[in-house]
Amino acid sequence: MSCFLTCVRFDDSATDNNKPTTVTGSISVSGVVTCYTRDGIESLTSNFSTLIGSGGYSNIYLARLSGSYKAALKVHVSSHRLYQVFRSELEILLRLQHPHIVKLLGYFDDSEENGALLLEYLPQGNLQEKLNRYSKQVLPWRNRIAIAFQVAQAIEYIHEKCCPQIVHGDIKSSNILLDKDFNCKLCDFGSAKVGFSSMVQPSTTMSPRSKQVRMVGSPGYTDPHYLRTGIASKKMDIYGFGVVVLELVSGKDAVSAERGEMLVHTAAPLIHEILDSNADIVEEKVRQFLDPRLSRDNSLDLEEVKTMLGVAAFCLRSPPSLRPSASQVVKTLVQKIPSLSFLGCGKEE
Ligand SMILES: Nc1ncnc2c1ncn2[C@@H]1O[C@H](COP(=O)(O)OP(=O)(O)OP(=O)(O)O)[C@@H](O)[C@H]1O
């Protein structure tokens with residue numbers, strides 16, 4: 001864990017505003033991404049008949065490509081402002097290619113107010129739903145650590161391996177989608193920023209309420225430093241990742257639906273103990289925090305739970321410069337979570 005104490009500095013990087021080629025009709029753009037007409041997306045979704053998800057800015061519909069191949073169509077709410085969010089998400093997704101980032105298959109763009117993204121379909125929905133205590137299935141420990149590792153790899157890719165580098169800006173469990181084998185894909189690049197660090201400057205056309213929505217992020221996940229300064233940086237993604245790790249370990253929501261209590265606050269005493277002492281954390285305290293539904297899980301290893309909590313504690317540190325980089329997280333998980341090698345996750349992807 002001592003490798004986390006190394007402070008890493010980042011340079012600024014220029015923003016690339018290259019627009020994707022916009023063509024009309026259902027034709028292939030860049031070889032793999034298809035541009036659809038309005039009729040095309042209506043036909044793919046059987047007139048938007050099956051809603052599979054919704055968020056603050058969009059509705060997501062089931063789409064069927066040739067044969068029985070399923071996809072998800074993310075339709076951005078029609079408005080001038082949200083059209084910009086759509087364009088930004090489209091431009092970012094066109095650049096990304098990673099096994100743990102949702103794949104863009106196509107898009108619709110009327111060049112005014114309406115846009116939609118055709119994405120690969122993830123049949124197990126999002127991680128928040130899977131961890132929910134009302135979910136029929138309990139996500140086993142080994143899947144939880146694999147998910148944490150894969151999300152860390154996805155963040156490492158956008159922060160350090162793609163060009164120009166990207167800050168996701170909204171890392172949370174409902175933006176982590178799961179395939180049939182519970183491998184994960186990071187989605188929702190609608191809040192992403194290109195470049196190492198950028199001051200968020202809401203456009204003057206925004207209403208006071210919409211300004212707040214864009215600035216504040218998702219309750220329970222937002223880096224307090226970002227809330228204070230409005231400066232988005234890679235370390236805000238690391239903070240969001242830390243909260244997701246707490247959710248994976250505890251099975252609790254980032255904000256409790258009943259009491260409105262934030263998980264980072266519930267976990268604070270344990271986190272302080274981890275950061276303050278060199279001694280091993282008391283097993284009893286770890287067990288108290290652990291998701292009780294994991295008690296009968298044969299894949300559970302308490303040492304791994306402690307490591308995951310240690311990783312979360314470092315990711316949530318303030319000031320942000322004390323938090324690890326995504327590649328330090330990936331490296332630490334490979335070194336300290338033995339089960340990852342059994343899952344074939346320790347290898348570079
Ligand atoms: N490719 C997909 N496959 C399956 N389900 C998906 C897919 N994309 C999105 N969803 C579902 O729709 C939900 C909302 O998607 P997304 O986060 O992209 O929308 P949003 O409008 O950007 O939301 P937010 O309010 O977080 O900004 C996801 O949590 C997930 O349940």
Side-chain angles (χ1 to χ4, degrees), residues 33-34 41 44-45 48-65 69-79 81-93 96 98-108 114-132 134-135 139 147 150-151 154 158 166-193 200 206 209-222 232 236-237 240 243-244 247 253-255:
V33 177
T34 306
I41 57 167
L44 283 179
T45 57
F48 308 104
S49 57
T50 312
L51 184 73
I52 53 171
S54 56
Y57 311 123
S58 63
N59 288 319
I60 293 89
Y61 299 91
L62 187 67
R64 281 179 199 278
L65 304 179
Y69 191 82
K70 289 178 183 164
L73 187 76
K74 176 171 178 172
V75 183
H76 287 249
V77 171
S78 175
S79 88
R81 182 176 74 80
L82 293 180
Y83 178 75
Q84 302 309 320
V85 175
F86 154 74
R87 283 297 313 186
S88 158
E89 188 167 6
L90 171 62
E91 283 162 23
I92 286 171
L93 283 174
L96 302 180
H98 188 270
H100 300 301
I101 293 180
V102 72
K103 198 161 142 192
L104 179 72
L105 306 173
Y107 64 93
F108 160 72
N114 299 293
L117 301 168
L118 189 69
L119 305 164
E120 66 177 308
Y121 174 64
L122 277 299
Q124 294 281 356
N126 72 53
L127 176 64
Q128 185 186 37
E129 292 160 355
K130 271 289 165 282
L131 286 175
N132 188 287
Y134 300 114
S135 164
L139 200 57
I147 289 166
Q150 293 170 354
V151 174
I158 59 171
I166 290 162
V167 171
H168 182 278
D170 199 14
I171 300 288
K172 59 180 179 179
S173 56
S174 62
N175 284 339
I176 296 166
L177 305 175
L178 301 171
D179 74 8
K180 63 175 179 24
D181 301 317
F182 298 109
N183 289 306
C184 77
K185 310 253 177 181
L186 188 59
C187 75
D188 190 3
F189 286 77
S191 306
K193 287 139 197 95
V200 178
M206 286 184 193
R209 189 177 169 275
S210 60
K211 265 185 198 174
Q212 197 187 7
V213 170
R214 295 289 292 152
M215 293 285 288
V216 171
S218 300
Y221 296 91
T222 317
M236 75 188 272
D237 285 349
V243 180
V244 170
E247 289 180 273
D253 285 334
V255 180

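Numbers here simply count residues along the sequence, with the first being 1. Atoms within each ligand, like the ligands themselves, are counted from 1 in listed order.
Inspection of the S173 and Y221 side chains reveals an N or O donor paired with an N or O acceptor under 3.5 Å. Side chain to side chain, D179 and Q124 fail the donor-acceptor criterion of an N or O pair below 3.5 Å. Counted by atom type alone, S135 and K130 present zero donor-acceptor pairs between their side chains at under 3.5 Å. Judged by distance alone, the side chains of S174 and N126 never bring a donor and an acceptor atom under 3.5 Å apart.
Only the side chain of A72 comes within 4.0 Å of ligand 1, counting heavy atoms alone; its backbone N, CA, C and O stay farther away. Contacts between S191 and ligand 1, counted as non-hydrogen atom pairs separated by less than 4.0 Å, are absent for every part of the residue. Only the backbone of E120 comes within 4.0 Å of ligand 1, judged by heavy-atom distances.
Ligand 1 is approached by S54 to a heavy-atom distance shorter than 4.0 Å. Taking 4.0 Å as the cut-off, G125 does not count as a neighbour of ligand 1 on heavy-atom distance. Put simply, part of K172 is less than 4.0 Å from ligand 1, judged by heavy atoms.
A donor-acceptor contact shorter than 3.5 Å is absent between the side chain of S58 and the backbone of S54. A distance-only check finds a donor-acceptor pair linking the side chain of H168 to the backbone of C187 [under 3.5 Å]. In this structure, D237 contributes its side chain and V167 its backbone to no donor-acceptor pair below 3.5 Å. Side-chain atoms of E247 do not come within 3.5 Å of backbone N or O of D253 as any donor-acceptor pair.
The distance criterion of under 3.5 Å between nitrogen or oxygen atoms is met by L122 with respect to ligand 1. Checked against a 3.5 angstrom limit, the closest N/O atoms of N175 and ligand 1 fall inside it. On a distance-only criterion, G56 and ligand 1 share at least one N/O pair closer than 3.5 Å.
The closest protein non-hydrogen atom to atom 31 (O) of ligand 1 is N126 ND2, 3.1 Å. For atom 23 (O) of ligand 1, the closest non-hydrogen atom on the protein side is G55 CA, 3.3 Å. Looking only at heavy atoms of the protein, atom 7 (C) of ligand 1 is closest to L177 CD1, 3.4 Å. Nearest to atom 29 (O) of ligand 1 among the protein's heavy atoms is S174 O, 2.7 Å. With hydrogens left out, the protein atom closest to atom 21 (O) of ligand 1 is S58 OG, 2.6 Å, a heavy atom. Remark: minimum distance from atom 27 (O) of ligand 1 to any protein heavy atom is reached at D188 OD2, 3.0 Å. The protein atom (non-hydrogen) at minimum distance from atom 5 (N) of ligand 1 is I52 CD1, 4.0 Å. Nearest to atom 11 (C) of ligand 1 among the protein's heavy atoms is G53 CA, 4.1 Å.
For ligand 1, the atoms lying closer than 4.0 Å to a non-hydrogen atom of Y57 are 21 (O), 27 (O). Listed by number with element, the atoms of ligand 1 under 4.0 Å from a non-hydrogen atom of K74 are 16 (P), 18 (O), 19 (O), 20 (P), 22 (O).
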Full working for side chain to side chain contact (heavy atoms under 4.5 Å, CB included) between L90 and L117: CA-CA 7 Å; L90 171 62; L117 301 168; 3.8 Å; yes
Ring pair (Phe, Tyr, Trp, His ring centres under 6.0 Å) between H76 and Y83, worked out: CA-CA 7 Å; H76 287 249; Y83 178 75; 9.2 Å; no
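Comment: K74 engages D188 in a salt bridge, judged by a side-chain N to carboxylate O separation of less than 4.0 angstrom.
The 12-atom threshold is not exceeded at NZ of K103, counting heavy atoms of other residues, nucleotides or ligands nearer than 6.0 Å.
Taking all heavy atoms of L104, L178, I60 into account, the minimum distance to atom 9 (C) of ligand 1 is reached by I60.
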